[in-house]
Every structure is written in C-alpha cells, then in structure tokens.
Amino acid sequence: RRVTSVHSQPHSVTRKMALPFLPGCTPDRTLGKTNFHKSQALAKRNGVMTLDQTMPGIGGLAVSGQRPKMTVTSSGTDGLPAWHGFRSKVLRFNGFFQEAVVESNTEQFRVRECTILFYLEDDSVQVNEKATSNSGMPQGTLVRRGRILKSGELTSSFDEDVPPEGYFGINDFNVGIEVTIYGRTFKVTDCDAFTRDYLTGTLGIIVGGSSDVPSDPHKEILQDAADRIKPGRPYFRDDTLRQFLDHDRQVLRFYCVWDDTVSIFGDKRYMVLHYYLSDDTIEVTEILPANSGRDKCGAFFGRNKLTKDVTALSKFPGAVTKRTVLNTLGPAVGKNRFILDSTRAADGADDVYTDADLKIGNRILVLGRLMLLCDCDEFTKEHYTSKFGVTEFAPIDVSEPATVPPVAKVPPPTGFGTEEDSMVSVERLVLTAPKRKSGKYMPTDVTAADGSFILRFLATLDSEDPLAADREFIISYFLEDDTCSVYEMPKHNSGISAGMFLQRGSYKVPDGSRNVGVEDLHIGAPISVNGFGFIFREADEYASKMLAEIRSA
C-alpha cells in the first residue's frame with residue numbers, strides 16, 4: 001500500500017536537503033502557494049456566536065497556539081485522514097542506550113534496554129525502558145508520546161515555525177541504525193513481526209538483521225549479589241496456593257460399596273467418595289436407602305487426607321516429621337541454628353491416596369474398611385482422560401436383586417362377630433366400626449318407586465332327612481350391601497320353633513373364595529349358607545323382575 005503525505009511528509013521515502021537557517025538563505029514559505037483563503041472561525045452554538053479555536057489560519061496554516069494538523073492519507077482508504085487509516089497501528093523497535101557511570105570503581109557504564117514505539121496515525125514517538133528489579137533507577141516511560149524534533153529542541157504549542165530538520169518520521173527508524181532523541185543515542189537492535197512486514201511489504205524499506213544487546217555490568221553485579229544471598233542448601237516449598245487456584249471447586253466423584261456381609265448381621269453399604277483436587281483431600285458419605293434402620297449421622301469419613309496405612313492414625317503429633325534435623329548449632333538456651341537433611345533420606349511423610357490411586361475396579365482402605373470403586377461421574381471421566389489418558393470406564397454392577405415383599409396371610413375368623421369385624425383387627429391397630437360397602441348391583445340413583453331392593457325366595461333344606469323335608473324358609477337377599485338372612489316359616493305341629501334361622505350377614509360359599517352373591521340365586525339350584533344347604537323353590541314377583549334386569553344388563 002503506497003502512502004502519500006502532505007506538508008510535513010512523515011512517510012516520504014525520499015528526503016530533501018534543507019538550506020541553512022541564515023539571512024538570505026531562508027526560502028519564502030508562500031512560494032508556489034495558490035490557496036490563501038481564510039477559514040470561517042465564527043460559529044453559532046446554542047444561539048451564541050463563538051470563535052472556533054481549531055480552525056486554521058490563512059491558507060490552511062496553523063495560527064499561533066495551534067500545531068499543524070496531519071493530513072496523511074492512505075490510498076487504500078479512499079482519502080481518509082491518517083488517524084482513521086492508521087489507527088491502532090504502532091511500529092515497535094527494540095534497542096538500548098549506553099549510560100556512563102562516573103565516580104564508581106565497580107562499573108564504567110550501564111546498558112539500558114528500551115522499546116521505541118512509533119504511532120503511524122500522527123508520527124508520534126514514545127520511548128519506554130524495561131524495568132529491572134532492584135536497579136535503583138527510575139524506569140518506565142523515558143520519553144512521553146509526542147512528535148519529536150530531530151534537532152532535539154523542545155516543541156511548544158505556540159511555535160509557528162518548524163526547524164528545517166523537521167520531526168522524526170518513519171524513515172528515521174530501522175534495525176541497526178542509531179537514533180538520537182533528546183541527547184540520548186539509541187541503538188535499534190530488533191523489531192516485531194508487524195513492523196518488519198509493514199516496512200518491507202508496504203513501504204519497500206529494507207530492514208536490517210537483528211543483533212544482540214551487549215551485556216550490562218550493572219545487571220551482572222545485581223545477579224551476583226542475588227546469588228550470594230541464596231541459601232546453600234536446597235529450599236523446598238509446597239506451592240499449595242497454585243494448586244488451590246487451579247483446581248478450586250473441582251471435585252472427583254466415585255460410587256463405591258463396602259461389602260460387610262461377612263460380619264454378623266452385616267450387609268452391603270453404598271458410599272460416595274469425593275476427591276478434592278484443590279488440596280488432595282477425600283470425603284466419604286453413605287447413601288442410606290429407604291427404611292434402612294440407620295440414622296444419617298453426617299459423613300462416613302470427614303474431609304481429610306486418607307492414609308493408605310491405618311496405623312498412621314495412631315502416631316502422636318511430631319513423632320514423625322517430613323524433615324530430619326541432623327544437628328543443632330548454638331547454645332542450648334537462646335538463639336540457635338538447625339541443620340536439616342537436604343537429601344530427605346529419612347522422610348517420614350505418610351503415604352496418602354491421590355487421584356492416581358483411584359480407578360474403577362480398585363479397592364481402597366478407609367479406616368480399615370475395604371471399599372470397591374464401582375462408577376464415577378462425567379467430570380471425573382474427563383479428568384482421567386485428559387490427565388492419565390484413561391478411556392475405559394465400564395461400571396461394576398453390585399446391585400442386589402429386588403426382593404419380593406412377603407404377603408401377609410389373613411388369619412381365619414375367630415367366630416366372634418362377622419368377618420368384617422374380624423378384618424378390622426387385621427387391618428388396623430385402632431379398632432373401629434367396619435364401614436358398610438355398597439352392593440355390587442345396587443344402583444347409585446335410588447327413588448322410592450324402585451322398591452326395597454330385597455330379593456325374597458322360598459327354599460327348603462337340601463337334605464334326605466324326612467323330618468327336614470317339610471321345613472320351609474324365606475331367604476332374603478339385600479342388594480344394598482350383598483347380605484342375606486334366612487327366616488324359617490312356622491309349621492303346625494312340627495315341633496320346631498319358627499323364626500330367625502340365620503341373621504343378616506355375609507356368608508361364604510363352601511370353598512371360601514367369595515361371599516354368596518346374586519350369581520348364586522337360581523330357581524331350583526342348591527345353595528349353601530353357613531354350612532346349611534338350601535334349594536330355591538320360588539321367588540316373588542319383585543325378585544324375578546330384578547334378577548331379569550340384572551342378568552340382562
């Protein structure tokens with residue numbers, strides 16, 4: 001992309017030689033200009049006439065107190081101004097300058113590394129120094145961002161004339177050259193990839209090769225001093241904070257089972273194991289099924305590091321330490337020094353379970369209880385796949401077959417009261433009156449015109465005894481609750497008392513499978529009620545009508 005410039009020509013590849021600033025050698029700045037118009041500086045804002053201080057003077061030149069505006073345009077942006085075409089584009093050069101050190105017998109100079117930033121949008125330059133720890137010098141921004149004159153003079157907003165040397169432009173920076181800014185000579189040693197591509201591909205400028213920054217005696221002195229204060233023995237540090245920041249709220253979850261069936265009254269107890277990656281601690285909680293008979297008393301194993309050897313729990317605090325003291329230097333009372341075993345040969349740290357020991361199918365020892373890891377969740381599978389490369393996570397089925405609940409047998413009736421009364425004592429702890437149930441064929445909407453819903457039949461005993469051949473009975477069947485009663489009719493000179501033969505109630509059929517119902521009521525058919533056999537002989541008109549309606553429905 002070719003770049004054109006007007007007035008200051010910051011991106012011009014060719015440079016013109018300036019005449020000396022002497023009487024008679026200064027050219028006329030208006031020579032060749034044809035535009036001498038005066039800009040309109042008066043503007044009306046909110047109904048008030050004001051003077052716009054940003055408008056240029058005659059011929060577009062900056063008036064007193066104004067800097068000349070950049071009018072750099074890019075051919076690839078359709079004549080847009082430079083601040084739009086080159087916004088967020090900065091050239092970065094790496095370099096250094098050498099500073100003399102006087103009145104010092106340890107060093108004669110210092111090499112200070114810097115970064116030179118050139119902003120394409122307005123040809124401004126900024127110089128930053130790389131910070132060095134314990135340098136004792138103010139570092140950071142050496143030269144604030146701004147347009148810098150090559151002569152090294154400080155510019156002011158009231159300066160109308162620009163020196164012949166002009167400002168630093170893009171053509172003044174390249175790898176391998178020296179640039180003097182405000183009395184300091186910077187050696188450019190390298191640039192970033194964007195700067196190299198822009199200078200070579202866009203402007204066609206040949207960029208030199210990179211070079212190394214010479215060694216700094218001052219840095220070597222600081223490094224030697226830092227090495228001398230380091231301890232002679234190795235220093236061991238457990239970076240638990242980094243582990244906490246990387247793995248906070250990351251928990252591995254395993255489903256395990258403790259098979260305690262070998263013990264008396266023992267059974268399988270199902271657990272959930274949580275492994276906290278932030279501090280390598282383990283927590284075990286128990287899953288209590290419904291009606292297990294056990295109280296939920298919190299965690300089965302509280303969150304802590306789980307040792308592989310249960311005897312480690314019986315050690316007294318301080319009996320076994322991670323470091324071994326070889327000797328003590330100094331008086332017995334007062335300040336003394338300790339010499340530790342740097343080889344850690346007698347390391348007494350307990351062996352604890354880590355995430356490398358947890359795998360489906362492995363058995364771990366939790367306070368003397370052997371638990372089998374059966375399954376894990378999805379996050380745990382992703383963790384072991386990314387860290388250990390494990391891809392097989394086949395679960396282990398340890399579930400027991402479902403037991404069929406036993407069916408309670410109904411005890412036989414005691415003979416006291418009806419069967420409904422006996423079933424109340426079987427089904428309930430608190431005895432209450434049995435609820436009357438509606439009959440199977442009893443209609444829901446009943447009116448007075450429907451009748452009494454009592455079916456009456458004339459029956460005789462089903463017996464070969466001649467004394468019972470002449471006995472007649474009225475069997476009444478009540479549709480409202482499917483009960484029946486038997487009444488014996490009086491017989492002259494029979495010697496048998498007439499009246500209620502069987503009270504109203506529900507009676508079983510001979511096999512005891514069900515109660516006597518409407519389906520057992522047939523003329524001429526035998527029926528057994530409470531052990532007595534009867535044969536239906538006749539039925540009244542109402543009973544015949546109701547049976548016909550029931551059987552046709």
Side-chain contact test, heavy atoms from C-beta onward, threshold under 4.5 Å: evaluate it for N174 versus V188 and give yes or no.
no
Spell out, as yes or no, whether a donor-acceptor pair under 3.5 Å connects the side chain of T195 to the backbone of R92.
yes
Check whether the side chains of T261 and D259 place a donor and an acceptor atom closer than 3.5 Å, and report yes or no.
yes
What is the ring orientation for F186 with F97, classed by angle as parallel under 30°, tilted 30 to 60°, or perpendicular over 60°?
perpendicular
Salt bridge or not for R253 and E382, using N-O below 4.0 Å?
no
Taking the side chain as every heavy atom from C-beta outward, state whether L91 and I170 have any atom pair closer than 4.5 Å.
yes
S104: what forms a side-chain contact (heavy atoms from CB on, under 4.5 Å) with it, not counting sequence neighbours?
V101, T106, E107
For D309, is there any backbone N or O sitting under 3.5 Å from a side-chain donor or acceptor partner on T307?
yes
Would you please test D246 and R242 for salt bridge (Lys or Arg N to Asp or Glu O under 4.0 Å) and show each step?
CA-CA 6 Å; D246 292 342; R242 171 54 55 189; 3.4 Å; yes
Just checking, R269 and W258: is the charged tip under 6.0 Å from the six-membered ring centre and within 45° of the axis?
no
Testing the basics here: between S210 and D190, what is the closest heavy-atom pair and its distance to 0.1 Å?
OG-OD1, 2.8 Å
Could you tell me whether K308 sits above the aromatic face of Y353, with NZ or CZ closer than 6.0 angstrom to the six-membered ring centre and within 45 degrees of the axis?
yes
CZ/R196: more than 12 non-hydrogen atoms of other groups inside 6.0 Å:
yes
Would V127 and T115 satisfy side chain to side chain contact (heavy atoms under 4.5 Å, CB included), going step by step from the backbone distance to the final call?
CA-CA 6 Å; V127 182; T115 302; over 6 Å; no
Flag the pair R147 and D122 as a salt bridge only when some basic side-chain nitrogen lies within less than 4.0 angstrom of an acidic carboxylate oxygen.
no
Here the gap from Y167 atom OH to S124 atom OG, rounded to the nearest 0.5 Å, amounts to 12.0 Å
Closest non-hydrogen atom pair between S278 and R303, with its separation
OG-NH2, 3.7 Å
Contact list for residues 209-224, test salt bridge (Lys or Arg N to Asp or Glu O under 4.0 Å), sequence neighbours left out:
E113-K219
State whether the side chain of D197 and the backbone N or O of F194 hold a donor-acceptor pair below 3.5 Å, judged by distance alone.
no
Looking at Q139, E99, Q98, H218, which one forms a side-chain hydrogen bond (donor to acceptor under 3.5 Å, both in side chains) with R112?
E99
Are more than 12 heavy atoms from other residues, nucleotides or ligands located less than 6.0 Å from atom NZ of K359?
no
Is a side-chain donor or acceptor of Y275 paired with a backbone partner of L358 at a separation under 3.5 angstrom?
no
Worked verdict on M271 versus V366 for side chain to side chain contact (heavy atoms under 4.5 Å, CB included):
CA-CA 11 Å; M271 310 284 178; V366 181; over 6 Å; no
Apply salt bridge (Lys or Arg N to Asp or Glu O under 4.0 Å) to R369 and D260, showing your working.
CA-CA 9 Å; R369 287 122 174 130; D260 193 31; over 6 Å; no
Between the main-chain N or O of L199 and the side-chain N or O of T202, is there a donor-acceptor pair closer than 3.5 Å?
no
Rounded distance (nearest 0.5 Å) linking atom OG1 of T281 with atom OH of Y276:
6.5 Å
So how far is it from C256 SG to L373 CG, rounded to the nearest 0.5 Å?
6.0 Å
Using a 4.5 Å cut-off on heavy atoms from C-beta on, say whether the side chain of L365 contacts that of M371.
no
L306 vs V352 side-chain heavy atoms within contact, under 4.5 Å
no
Would you kindly say whether Q250 and D248 are connected by a side-chain donor-acceptor distance under 3.5 Å?
no
Decide if atom CG of L42 counts as having more than 12 heavy atoms of other residues, nucleotides or ligands within a radius under 6.0 Å.
yes
Can you name the nearest heavy-atom pair linking C191 to F93, along with the distance?
CB-CD2, 3.9 Å
Check step by step if side chain to side chain contact (heavy atoms under 4.5 Å, CB included) holds for L120 and V90.
CA-CA 6 Å; L120 295 175; V90 183; over 6 Å; no
Between Y119 and F86, is the ring centroid distance below 6.0 Å?
no
N/O donor-acceptor pair under 3.5 Å between E283 side chain and L273 backbone
no
Specify the closest pair of heavy atoms between V175 and G209, including all atoms of both residues, with the distance to one decimal.
CG1-O, 3.2 Å
Looking at C297, is its backbone amide N or carbonyl O close enough to the side chain of D295 to form a donor-acceptor pair, meaning the two atoms are under 3.5 Å apart?
no
Residue pair V143 / I148: nearest heavy atoms and the distance that separates them
CG1-CD1, 3.7 Å
For T185, does its backbone N or O pair with a side-chain atom of T180 as donor and acceptor, under 3.5 Å?
no
Hey, what do you get for NZ (K150) to CD1 (I181), rounding to the nearest 0.5 Å?
11.5 Å
Over 12 foreign heavy atoms within 6.0 Å of CZ, F244
no
In terms of heavy-atom contacts, does CZ of R144 have more than 12 from other residues, nucleotides or ligands at under 6.0 Å?
no
Set out, in order, the CA-CA distance, both residues' side-chain angles and the distance that settles side chain to side chain contact (heavy atoms under 4.5 Å, CB included) for K305 and D280, then state yes or no.
CA-CA 7 Å; K305 290 185 179 296; D280 297 331; 3.6 Å; yes
Rounding to 0.5 Å, atoms OG1 (T132) and CZ (R110) come to a distance of 10.5 Å
How close do V398 and Y270 get, counting heavy atoms only, and between which atoms?
O-OH, 3.3 Å
Is N128 close to Q126 at the side-chain level, that is, under 4.5 Å between some pair of heavy atoms?
yes
Side chain S292, main chain L288, donor-acceptor under 3.5 Å
no
Sequence neighbours excluded and cut-off under 3.5 Å, please list the side-chain donor-acceptor pairs for residues 387-397, or say none.
from: K387; atom 1: NZ; to: D355; atom 2: OD2; distance (Å): 2.9
from: D397; atom 1: OD1; to: S399; atom 2: N; distance (Å): 3.2
from: D397; atom 1: OD1; to: S399; atom 2: OG; distance (Å): 2.7

Pairwise distance NE2(H274) to OG1(T285) - rounded to 0.5 angstrom:
5.0 Å
Is any side-chain heavy atom of K296 closer than 4.5 Å to a side-chain heavy atom of E286?
no
Under a 4.5 Å cut-off applied to non-hydrogen side-chain atoms, are Y255 and C376 in contact?
no
Got L252 and F379 here, is their nearest side-chain heavy-atom distance under 4.5 Å?
yes
